[in-house]
Asker: 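Sharing a structure below in structure tokens format, with a few things to ask.
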Amino acid sequence: MTKLNHTWNSTAISHAHGMVRRLLMSLRISQLLKQAPSSATVTAEGWVRTKRESKNVCFLELNDGSSLVGLQIVVDLNSFENKEILTRITTGASLVCTGFLVNSVGGDQEVELKAQSIELIGEAPADTYPLQKKRHTLEYLREIAHLRARTNTMGAVARVRNVVSYAVHSYFQENGFAYVHTPIISTSDAEGAGEMFQVTTLDLANIPRTEQGTIDYSKDFFGKKAGLTVSGQLQGETYAMALKNIYTFGPTFRAENSNTKRHLSEFWMIEPEMAFCTLEGDMAVAESFLKYIFKAVVDKCPEDMDFFSKFVEKGVAATLQKVIETPFAHLTYTEAVAELEKHNSTFEYPVHWGSDLQTEHERFLTEQVCNGPVIVTDYPKEIKAFYMKLNDDGKTVRAMDVLVPRLGEIIGGSERESRLDVLTARMQSLKLDPADYWWYLDLRRFGSVPHAGFGLGFDRAVQYITGMQNIRDVIPYPRAAKQADF
RNA sequence: UCCCCUGUAGCUCAGUCGGUAGAGCAGGUGGCUGUUAACCACCCUGUCGGCGGUUCAAAUCCGUCCGGGGGAGCCA
């Protein structure tokens, strides 16, 4: 590198920004589509989705991922010089097209690019390019995950996922939450949230043993057994006890051998945690947060949402709008069970007080009883985690699950047990060693305060918003049991 | 992990009672006055998932292994 001889001042910054604009920010197809026809020369860069040719004219649809629809490039074969290039332009080829925007003669678009010159940057031979100009199944597209973002559906998913991501941060930032990076590698084993992937540098062909014959983790990299995080909640709580309101947003790993359309081994989770907050505040945040991210997508991705409504899940955009406008229903677990027991004959697994709610019960509550999202609270302590606050009845805890139609549980949260004696007793009854949680219990020893939080499966939220049936199609490269390609 | 379904052309699928396979789309060539999943005509395309068995003969029946999908459990 040459020595920098300028000072990093505002002139330099604006120079750099100008460079970025020229290199990266100019002339996206979504912007070109909104411009008025003009004799000014413009350039469009992108990938060919389809080519249609007749005697006098050739049409190319160019897409650069900035919008669902592409820009139609029109080539007048009577005046276009470089006809040879057209035979090499096929679906998937990358082009730089220069010309000017004109009113479209055809019906489906306002403007199109009348091409003066076309530069073929990268060919995509039609006999080997895996994406054809026809509809493919999502299962097939998973096998070519490195190319599937170039399809309408996966492109729309990618744009929505991006908007949801940004909305997560803006919601919390606008509401005084600090973003906290909780660790990816964790040595606190017994969080109870699921099987961990082990992290080790031990030689698996020659594992060191203790005198008792067990694995000698003191020889391992961290000196003890370590794994990938299954939740950032416990660490998140420690920062809530200093910054009041925090959130985490990062990858989470579960080594469960579950094979369903709503589970991944590697997924993204959002975990806000609020100090000086009870279950009521927790539920209020959960509801306003969900509505905020839904509204962000409705506002920013109308074209993609129309697409999902038409081709993926009929009416999903309207459903989302209705959810935004409707207050969430509230039921205690006891009320929910009473309601479900009336229809026990219709369930494969009848409900009774104390049993966990099955998928069929969650669907019944959201789709039949409440006709929309519902928050179920105050579950029996036996079916919930140790850290949830015990109610005065001694039987239930201050847990809350947000259930939505079609998907079931999208958020799980609770007010945390802030009383040291109650929490310790609870751990002991569950055969958890309080010594393993000494730092977590310190939060109850020093300046303990009522606090609450929840976890939202980010990918499930994207699944709910888009109506995509399988969670493996809302994340770029899904990881699940026996599946970690690309 | 359990239960069910499935694997045939590049893709999506059909293939009857066991007789070595055929449609649509994609691709190629030609045609077409501006197309929109363009259209019309013609042409090309196969280790029938792998291995083993039954049979004169297996895509088809049996066994087994592998891949894919759906449901359940677990959860986010």
Side-chain angles (χ1 to χ4, degrees), chain A residues 49-61 69-78 87 90-92 102-109 112 114 124-144 151-152 191-195 229-233 248-249 251-271 286 311 348-349 356-360 362 383-385 401-404 407-413 454-464 469-475 480-483 485:
Chain A
R49 284 292 176 81
T50 176
K51 178 173 77 169
R52 296 178 287 268
E53 224 171 344
S54 65
K55 191 175 186 180
N56 298 314
V57 66
C58 175
F59 300 100
L60 302 167
E61 190 187 328
V69 293
L71 176 66
Q72 175 155 282
I73 312 293
V74 187
V75 183
D76 182 348
L77 297 176
N78 296 313
T87 65
T90 54
T91 299
V102 297
N103 277 314
S104 182
V105 179
D108 288 2
Q109 56 279 318
E112 59 193 16
K114 192 97 176 169
D127 54 345
T128 51
Y129 183 57
L131 285 172
Q132 304 170 352
K133 57 175 191 179
K134 58 169 283 189
R135 193 177 299 183
H136 288 295
T137 60
L138 292 167
E139 291 80 20
Y140 172 66
L141 293 176
R142 267 174 233 155
E143 295 170 12
I144 48 167
T151 63
N152 285 340
E191 285 166 10
E195 286 294 309
T229 181
V230 294
S231 166
Q233 182 199 314
T248 74
F249 183 12
T252 306
F253 307 88
R254 305 266 169 97
E256 302 286 352
N257 187 14
S258 60
N259 199 278
T260 81
K261 58 185 182 181
R262 55 183 195 284
H263 285 85
L264 290 167
S265 306
E266 176 183 292
F267 62 100
W268 289 68
M269 190 153 66
I270 297 144
E271 295 177 296
F311 299 113
E348 193 182 342
Y349 300 94
D356 212 345
L357 299 182
Q358 313 268 349
T359 303
E360 60 175 337
E362 294 179 349
I383 59 174
K384 288 293 179 187
D401 285 357
V402 180
L403 312 179
V404 293
L407 207 63
E409 183 182 339
I410 195 170
I411 280 179
F454 61 82
L456 170 78
F458 177 74
D459 314 273
R460 280 192 188 170
V462 176
Q463 208 185 340
Y464 182 71
Q469 295 292 310
N470 195 312
I471 199 167
R472 296 174 192 201
D473 299 323
V474 300
I475 188 166
K482 301 278 191 305
Q483 186 178 8
D485 291 334

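Note that the structure is a prediction, hence the values are computed from the model and not measured. Just so we're on the same page: letters track the sequence lines, and every chain starts at 1.
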Asker: Is it the case that the ring center of A:F267 lies less than 6.0 angstrom away from the ring center of A:F458?
Answerer: no
Asker: Would you say A:K114's side chain and A:D76's backbone share a donor-acceptor pair under 3.5 angstrom?
Answerer: no
Asker: Between A:T50 and B:rA37, is there a side-chain N or O to OP1/OP2 distance below 4.0 Å?
Answerer: no
Asker: Check whether the side chain of A:H263 and the base of B:rC75 form a donor-acceptor pair under 3.5 Å.
Answerer: yes
Asker: Could you measure between the two P atoms, the one in B:rG27 and the one in B:rU16, and give it in whole Å?
Answerer: 31 Å
Asker: Can you see which heavy atom on A:W268 is nearest to which on A:D459, and at what distance?
Answerer: N-OD2, 2.8 Å
Asker: If you find the nucleotide of RNA chain B closest to A:S54 and the one closest to A:L407, which residue's nucleotide is nearer the 5' end?
Answerer: A:S54
Asker: Please state the P separation for the pair B:rG69 and B:rU29 - nearest whole angstrom.
Answerer: 36 Å
Asker: Check the side chains of A:R142 and A:Q483 for a donor-acceptor pair under 3.5 angstrom, ignoring hydrogens and angles.
Answerer: no
Asker: From CG of A:L60 over to C1' of B:rU36, roughly how many Å is that when rounded to an integer?
Answerer: 13 Å
Asker: Could you check how far CG of A:N78 sits from P of B:rC32, rounded to whole Å?
Answerer: 13 Å
Asker: Taking only side-chain nitrogens and oxygens of A:K482, does any of them come within less than 4.0 Å of OP1 or OP2 of B:rC66?
Answerer: no
Asker: For B:rC74, does either OP1 or OP2 sit under 4.0 Å from a side-chain N or O belonging to A:S258?
Answerer: no
Asker: Taking the minimum atom-to-atom distance to the side chain of A:V105, which one of B:rU12, B:rG34, B:rC74 wins?
Answerer: B:rG34
Asker: B:rG46 and B:rG53: how far apart are their C1' atoms, nearest whole angstrom?
Answerer: 25 Å
Asker: OP1, OP2 of B:rG69 versus side-chain N and O of A:R142: anything below 4.0 Å?
Answerer: yes
Asker: B:rC62 and B:rG30: how far apart are their P atoms, nearest whole angstrom?
Answerer: 50 Å
Asker: For A:I471 and B:rG69, what is the distance between atoms CD1 and P respectively, to the nearest whole Å?
Answerer: 14 Å
Asker: Any ion pair linking A:K384 and A:D401 (charged N to carboxylate O, less than 4.0 Å)?
Answerer: yes
Asker: On the nucleotide B:rA38, are OP1 or OP2 found under 4.0 Å from the side-chain N or O atoms that A:R52 carries?
Answerer: yes
Asker: Just checking, is any N or O donor in the side chain of A:N152 or A:R49 under 3.5 Å from an acceptor N or O on the other one?
Answerer: yes
Asker: Rounded to whole angstroms, how far apart are CD on A:E112 and C1' on B:rG34?
Answerer: 8 Å
Asker: Once you apply a heavy-atom cut-off of 4.0 Å, does A:Y349 come out as touching a base, just sugar-phosphate, or nothing?
Answerer: sugar-phosphate
Asker: Mind checking if A:L264 touches a base, just sugar-phosphate, or nothing, with heavy atoms under 4.0 Å?
Answerer: base
Asker: Please report, rounded to the nearest Å, how far the C1' atom of B:rA72 is from the CD atom of A:E362.
Answerer: 13 Å
Asker: Rounded to whole angstrom, note down the P distance from B:rG28 over to B:rU45.
Answerer: 16 Å
Asker: What integer distance in Å separates A:N259:CG from B:rC4:P?
Answerer: 16 Å
Asker: At under 4.0 Å between heavy atoms, what does A:K114 touch on the DNA or RNA strands: base, sugar-phosphate, or nothing?
Answerer: base
Asker: Under a 3.5 Å limit for both distances, which nucleotide forms a Watson-Crick or G-U wobble pair with B:rC42, could you say?
Answerer: B:rG28
Asker: Answer with base, sugar-phosphate or nothing: what part of the nucleic acid does A:F267 contact at a heavy-atom distance below 4.0 Å?
Answerer: base
Asker: May A:F458 be described as stacking on the base of B:rA76, applying a 5.5 Å centroid limit and a 30° limit on plane angle?
Answerer: no
Asker: OP1 or OP2 of B:rG70 versus the side-chain N and O atoms of A:N470: is any pair under 4.0 Å?
Answerer: yes
Asker: Using the C1' atom as the reference point in each nucleotide, state the distance between B:rA26 and B:rC13 in Å, no decimals.
Answerer: 14 Å
Asker: Which nucleotide, in any strand shown, forms a Watson-Crick or G-U wobble pair with B:rC51, with both distances under 3.5 Å?
Answerer: B:rG63
Asker: Check whether any side-chain N or O of A:Q72 sits under 3.5 Å from a backbone N or O of A:L60 as a donor-acceptor pair, and report yes or no.
Answerer: no
Asker: Classify the nucleic acid contact of A:T137 as base, sugar-phosphate or nothing, counting any heavy atom under 4.0 Å across all strands shown.
Answerer: sugar-phosphate
Asker: Has A:K261 got a side-chain N or O lying under 4.0 Å from the OP1 or OP2 atom of B:rG71?
Answerer: yes
Asker: Whether the side chain of A:E53 and the base of B:rG34 hold a donor-acceptor pair under 3.5 Å is what I'd like checked.
Answerer: no
Asker: Does A:Q132 contact B:rG10 through a side-chain donor or acceptor facing the base, at a distance under 3.5 Å?
Answerer: yes
Asker: Toward the 5' end of RNA chain B, which comes first, A:T260 or A:E409, by nearest nucleotide?
Answerer: A:T260
Asker: I need the minimum non-hydrogen distance between A:K55 and A:L77, along with the two atoms involved.
Answerer: O-CD1, 3.3 Å
Asker: From CG of A:L77 over to P of B:rU35, roughly how many Å is that when rounded to an integer?
Answerer: 14 Å
Asker: Between the base of B:rU36 and the side chain of A:E61, is there a donor and acceptor pair under 3.5 angstrom?
Answerer: no
Asker: What is the base-pairing partner of B:rU1, counting Watson-Crick and G-U wobble geometry with both distances under 3.5 Å?
Answerer: B:rA72
Asker: For the C1' atoms, the ones on B:rU64 and on B:rG24, what distance do you get once it is rounded to whole angstrom?
Answerer: 35 Å
Asker: Is there a Watson-Crick or G-U wobble partner for B:rG34 with both distances under 3.5 Å, and if so, which one is it?
Answerer: none
Asker: Check the distance between B:rG10's P and A:E143's CD and give it to me in whole angstrom.
Answerer: 13 Å
Asker: Any donor-acceptor pair under 3.5 Å joining the side chain of A:K134 to the base of B:rC11?
Answerer: yes
Asker: Is the glycosidic torsion of B:rU54 within 90° of 0, making it syn, or is it anti?
Answerer: anti
Asker: For a quick test of reading the model, state the closest non-hydrogen atom pair linking A:G408 to A:E362 and the distance between them.
Answerer: CA-OE1, 3.5 Å
Asker: Roughly how many Å apart are B:rC3 and B:rG18, using the C1' atom of each and rounding to a whole number?
Answerer: 30 Å
Asker: If you compare every side-chain N and O of A:N56 against the phosphate oxygens of B:rU33 (OP1, OP2), does one of them come in below 4.0 Å?
Answerer: no
Asker: Once you apply a heavy-atom cut-off of 4.0 Å, does A:E348 come out as touching a base, just sugar-phosphate, or nothing?
Answerer: nothing
Asker: Tell me which nucleotide among B:rU12, B:rG28, B:rC74 gets nearest to the side chain of A:R262.
Answerer: B:rC74
